[in-house]
Amino acid sequence: DGGITQSPKYLFRKEGQNVTLSCEQNLNHDAMYWYRQDPGQGLRLIYYSQIVNDFQKGDIAEGYSVSREKKESFPLTVTSAQKNPTAFYLCASSTRDSFNNQPQHFGDGTRLSIL
Amino acid sequence: AQSVAQPEDQVNVAEGNPLTVKCTYSVSGNPYLFWYVQYPNRGLQFLLKYITGDNLVKGSYGFEAEFNKSQTSFHLKKPSALVSDSALYFCAVRFDTGTASKLTFGTGTRLQVTL
């Protein structure tokens with residue numbers, strides 16, 4: 001079955017520590033996205049990538065970094081500069097062609113908490 | 001700038017009764033609108049989309065949505081609610097930057113269906 005796999009499901013971060021969230025897709029999608037979900041605030045876009053070796057900042061990129069070395073993978077690093085990292089993080093992917101209006105497909109998320 | 005508003009944090013309905021979850025939008029140009037559903041500790045699942053054409057859009061699990069251009073609304077509806085429909089529902093509007101397809105999400109509406 002094609003889909004998006006996020007790991008781990010739960011993650012704990014110590015003060016001053018960087019942590020990396022994994023996102024892998026086998027849908028052959030060019031575009032991938034990272035969102036942060038907080039209660040009552042909906043989803044906010046952190047970073048997105050349209051193609052391998054290219055990515056763009058979203059609305060709340062400060063304190064986060066990404067890489068896109070492979071089409072299938074789009075890991076997100078939450079750095080120590082992100083002072084309020086506790087949230088539910090969702091990865092998504094879609095076809096690159098915006099003209100066919102295909103929906104984004106989502107993984108099941110990683111819940112990050114501070115120790 | 002594009003935006004969506006979901007004016008109700010929670011909607012309560014009895015099983016078997018019709019349900020409506022409200023969404024209004026603000027975009028420049030043609031609106032491309034989506035509804036997603038989220039179950040606890042899971043990612044978002046696509047329900048339906050409006051691109052063009054008929055104002056009544058049919059989607060998954062018996063859901064439908066009515067596009068109203070004059071009222072800039074895209075309300076989600078179902079003729080007969082089920083307890084299993086209880087979840088968090090998000091409305092989203094698509095906008096384009098180059099060839100990237102990005103979504104702006106509403107803050108979500110929690111649907112509670114009771115026996």
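What's counted below: heavy atoms across the whole structure, side chains too, no hydrogens, waters or symmetry copies. Bear in mind that the values here come from a model prediction, so they are computed numbers and not experimental data. Lettering follows sequence order; numbering is per chain, from 1.
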Can you say whether A/Arg111 sits under 4.5 Å from chain B via the side chain, the backbone, both, or neither, judging by heavy atoms?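 Side chain only.
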Side chain, backbone, both or neither: which part of A/Leu45 has a heavy atom under 4.5 Å from chain B?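 Contact with chain B is through the side chain of A/Leu45 alone.
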B/Glu64 and B/Lys77: salt bridge (Lys or Arg N to Asp or Glu O under 4.0 Å), yes or no, with the steps? CA-CA 5 Å; B/Glu64 56 191 26; B/Lys77 300 183 178 185; over 6 Å; no
Judged by atom type as modelled, is there a donor-acceptor pair below 3.5 Å linking the side chain of A/Asp54 to the main-chain atoms of A/Ile51?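 No: the side chain of A/Asp54 does not pair with the backbone of A/Ile51.
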Carboxylate-amine/guanidinium contact A/Asp108 B/Arg42, below 4.0 Å: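 Counted as a salt bridge, because a side-chain N and a carboxylate O are separated by less than 4.0 Å.
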For chain B, which of A/Gly109, A/Gly107, A/Ser49 has the most heavy-atom pairs under 4.5 Å?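 Greatest number of close heavy-atom pairs with chain B: A/Gly107.
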For each of A/Lys9, A/Gln104, A/Gln56, tally heavy-atom pairs with chain B at distances under 4.5 Å, and name the one with the top tally.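 Heavy-atom pair counts peak at A/Gln104.
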If you draw the axis of the six-membered ring of B/Phe34, does the NZ or CZ of B/Lys49 fall within 45° of it and under 6.0 Å from the ring centre?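 No, B/Lys49 does not lie over the aromatic ring of B/Phe34.
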Go through the atoms of [X] and report whether side chain, backbone, both or neither lie under 4.5 Å from a heavy atom of chain A.
{"X": "B/Gln38", "answer": "side chain"}
{"X": "B/Leu103", "answer": "both"}
{"X": "B/Tyr39", "answer": "neither"}

Verdict with supporting geometry, A/Lys71 and A/Asp30, salt bridge (Lys or Arg N to Asp or Glu O under 4.0 Å): CA-CA 6 Å; A/Lys71 186 176 185 177; A/Asp30 286 302; 3.7 Å; yes
Would you call the rings of B/Phe63 and B/Tyr89 parallel, tilted or perpendicular, where under 30° means parallel and over 60° means perpendicular?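 Tilted.
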